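The next block holds one structure in the form of structure tokens; read it before the comments.
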Amino acid sequence: MLLLVCYQVQHAIAQISKIDQRVDSVLKRMTLEEKIGQMNQYNGDWAATGPITKDGDKQNQIRKGMVGSMLNVTGVNHTRTLQEIAMQSRMKIPLLFGQDVIHGYRTTFPIPLAEAASWDIEAIERSARIAAVEVAAAGIHWTFAPMVDISRDPRWGRVMEGAGEDPYLGSIIAKARVKGFQGKGFGNTDAVMACVKHFVAYGAAVGGRDYNSVDMSLRTLYELYLPPFKAAFDAGAATFMNSFNDLNGIPATGNSFLQRDILKNKWKFTGFIVSDWGSVGEMVNHGYAKDNAHAAMLAANAGSDMDMESRSYIKHLAQQVKEGKVKMSVIDDAVRRILKKKFEMGLFDDPFKFCNEAREKEQWNNAAHLLAARDMAKKSIVLLKNESPLGRGAGVGLLPISKQTKTIAVVGPFAKAVKDHLGFWSYDWADDTARIKTLWGGIQKKLSADSKMIYAKGCGITDTSKAGFSEAVNAAMNADVVVVTVGEERAMSGEAKSRSSIQLPGVQEELIKALVATGKPVVVLISAGRPLIFNWTADHVPAILYTWWLGTEAGDAIADVLFGDYNPSGKLPMSFPRTEGQIPVYYNYYNTGRPAKTENDLNYVSAYIDLPNSPKFPFGYGLSYTRFDYGQLQLNKTTLKGNEQLNVSVTVTNSGQYAGEEVVQLYIRDMVGSVVRPVKELKGFKKIMLQAGESKTISFSITTNDLRFYNDQLKFDWEAGEFEIMVGTDSRDVKTKTISWTK
Ligand code: NOJ
């Protein structure tokens with residue numbers, strides 16, 4: 001065994017140095033213009049996510065070796081056509097094809113924020129794996145994912161693309177996604193390069209307004225925003241993308257502290273960094289570069305290896321080199337990084353290895369992928385509330401709905417919606433409408449032959465008209481249960497989709513009020529790309545499921561949960577605010593010098609006079625159709641020293657009537673530090689399955705590694721003292737014990 005491992009390691013080292021030699025031999029023969037060509041990426045005019053400059057004939061430029069990569073060119077035919085042109089260039093360097101494959105390609109999976117709500121790391125990795133298999137079969141080498149930006153601001157439209165507010169959960173998910181995309185390694189035709197983005201702190205845009213500035217302390221950067229990037233790097237991510245924002249006054253694209261000092265020098269990242277769309281040229285708007293030539297110089301020197309769509313490199317970089325403003329070694333380093341990835345992907349050996357029509361066809365309708373998407377979708381749903389409706393006994397939730405129910409009214413703009421389930425960053429395929437599962441269809445499949453369904457749209461998502469209310473109310477009056485499904489349109493969360501109000505749009509909440517007024521039991525489903533605010537609904541409706549944007553299988557997955565074929569297990573990866581005025585609201589806050597003692601404490605404490613401090617729904621929160629009871633925490637020790645290990649265990653009992661999954665969460669608080677520490681930090685979790693009546697003892701082990709933070713000297717270390725150890729069902733409801741740990 002050992003011999004085999006040694007052989008494999010030696011073989012890998014030999015391969016790497018062989019690639020290095022091949023890279024050098026190509027680099028030596030390249031002109032400066034050809035080198036800069038490798039650092040240039042164009043959009044394929046197929047789908048744009050930014051302004052496109054139409055200046056000249058791209059195919060001709062590819063033929064001249066002036067393009068290293070294309071984005072938004074997909075499908076074996078398209079990629080083959082352009083690759084053939086690249087093969088006519090003097091150096092015959094293959095193109096890299098990149099694409100935003102954020103939550104699936106042919107099969108749309110739930111949006112990443114929804115997947116994060118599953119806390120199911122294997123399922124998340126599988127989702128990324130399937131996306132890679134499908135897109136690699138369509139000729140793509142590189143996905144611009146995972147997006148690992150932490151965000152505490154649901155106004156920011158791009159929260160839909162990330163894993164939420166927590167660096168620990170975010171890091172584990174980042175790693176899983178990289179592993180999923182990159183599969184068994186490059187050279188395989190189903191492994192695509194991951195691109196970790198947006199480096200860095202993009203999620204902290206002031207006011208939640210996309211592309212806005214970011215100003216933060218180094219400690220916050222290190223502790224909250226960098227960890228998922230580091231985790232993705234550790235998992236072997238091939239590339240990084242920088243970001244649109246400036247960080248403390250320096251645009252990320254021109255930021256050498258971030259790209260060189262941290263990523264390339266400290267972490268020793270050997271892949272390459274691509275700019276975000278046009279972000280090199282945008283440094284002129286930032287007021288950081290005086291023109292595009294200056295921007296090209298700043299970005300290249302700061303470590304941005306490839307220019308996406310701003311054309312600053314292709315137009316100006318050669319001149320900057322000739323004038324001595326950019327060293328040849330900077331260019332060589334960037335090109336070497338890019339070529340190396342092309343070699344690792346096997347493209348120099350076979351530039352068409354991803355262009356296989358049969359494979360593409362085979363992946364176009366893959367039933368196993370749909371099954372996995374349905375599995376992921378049901379795991380992503382979060383049960384926010386399940387109370388006893390009128391006429392049922394106390395303690396019996398309205399959900400799940402019986403399949404024998406006589407009449408169900410299915411109301412609301414999502415009842416028969418199709419593409420809105422896909423959410424932002426998804427693809428419109430011509431035959432999608434037939435493939436996407438509607439809620440109406442999903443419910444129909446569950447009900448017995450004698451059951452009846454009544455449909456009423458009630459209103460559109462953003463409507464101001466209530467003209468459809470009376471039909472909806474009639475439908476409710478004639479039904480035993482009302483399922484009302486509301487939310488955000490597909491394009492209401494995503495890039496450039498920040499909202500200052502994150503209430504349920506239009507008159508949807510008024511529709512809910514009208515339905516509740518009928519006295520019938522009402523279940524509300526909310527499909528959205530971010531945490532929304534729906535206080536009236538939360539306070540008056542007995543049962544609420546947060547159904548995000550769940551992708552191709554949305555309708556069937558929601559029906560699985562509605563009728564109890566799947567017991568919901570999702571937990572919120574972001575706090576849900578009570579009002580926009582509370583934002584940012586997050587679980588890992590500092591206590592302050594004047595913490596409020598209760599929700600109503602207004603005695604010169606840190607509080608709002610018109611609102612409790614707590615969110616409407618806390619981080620980690622999510623119910624089940626069953627009930628989980630937590631016993632007291634058991635610790636192997638309460639005083640520890642140095643390298644000792646703390647073992648924490650808790651017995652969790654399923655005391656309800658359904659089998660179900662629970663995410664057992666471990667939080668720690670460092671009571672006194674050389675800098676103040678959050679009131680809670682997630683340090684571990686386990687997703688477990690318990691049959692009705694079953695108990696399991698769950699254990700976590702903690703070492704001083706888990707206690708480390710950036711101290712008053714910005715050194716990553718732990719400090720002796722007292723710690724609260726908390727385990728529970730969410731970030732609010734925990735069992736606590738205190739320990740002390742000495743050096
Ligand atoms: C801009 C987005 O910020 C980035 O995430 C995406 O990968 C590029 N456009 C390419 O579409």
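First listed ligand is number 1; within each ligand, the first listed atom is number 1. Just so it is clear, the structure is predicted and the values come from calculations on it, not from any experiment.
- In summary, the atoms of ligand 1 found under 4.0 Å from a heavy atom of D100, numbered by their order in the structure, are 6 (C), 7 (O), 10 (C), 11 (O).
- Applying the salt bridge (charged side-chain N to carboxylate O under 4.0 Å, His left out) rule to E115 yields the partners R177; only residues at least two apart in sequence or on another chain are considered.
- Remark: distances from the non-hydrogen atoms of R158 to ligand 1 include one below 4.0 Å.
- Each of the following atoms of ligand 1 lies closer than 4.0 Å to a heavy atom of D276: 1 (C), 2 (C), 3 (O), 4 (C), 6 (C), 8 (C), 9 (N).
- A heavy-atom separation below 4.0 Å is found between M241 and ligand 1.
- Atoms of ligand 1 lying under 4.0 Å from any heavy atom of F144, numbered from 1 in the order shown and given with element: 7 (O).
- Not a single N or O atom of W425, backbone or side chain, sits closer than 3.5 Å to an N or O atom of ligand 1.
- A salt bridge does not link E580 with R499: every distance from a Lys NZ or Arg NE/NH1/NH2 to an Asp or Glu carboxylate oxygen is 4.0 Å or more.
- Atom-to-atom distance recorded for M39:CE and S312:OG is 11.5 Å, nearest 0.5 angstrom.
- For the pair D234 and K230, the salt-bridge criterion is met [side-chain N within less than 4.0 Å of a carboxylate O].
- Geometrically, K197 engages W425 in a cation-pi contact, judged by NZ or CZ lying under 6.0 Å from the ring centre and within 45° of the ring axis.
- Atom numbering of ligand 1 starts at 1 in the shown order; those under 4.0 Å from a heavy atom of L71 are 10 (C), 11 (O).
- Ligand 1 places these atoms under 4.0 Å from at least one heavy atom of K197: 4 (C), 5 (O), 6 (C), 7 (O).
- Residue contacts with ligand 1, taken as heavy atom pairs separated by less than 4.0 Å, involve H198 solely via side-chain atoms from C-beta onward.
- Between D210 and K497 no salt bridge is recorded (no basic side-chain N to carboxylate O distance below 4.0 Å).
- Here the side chain of D100 pairs no donor or acceptor atom with the backbone of I102 at under 3.5 angstrom.
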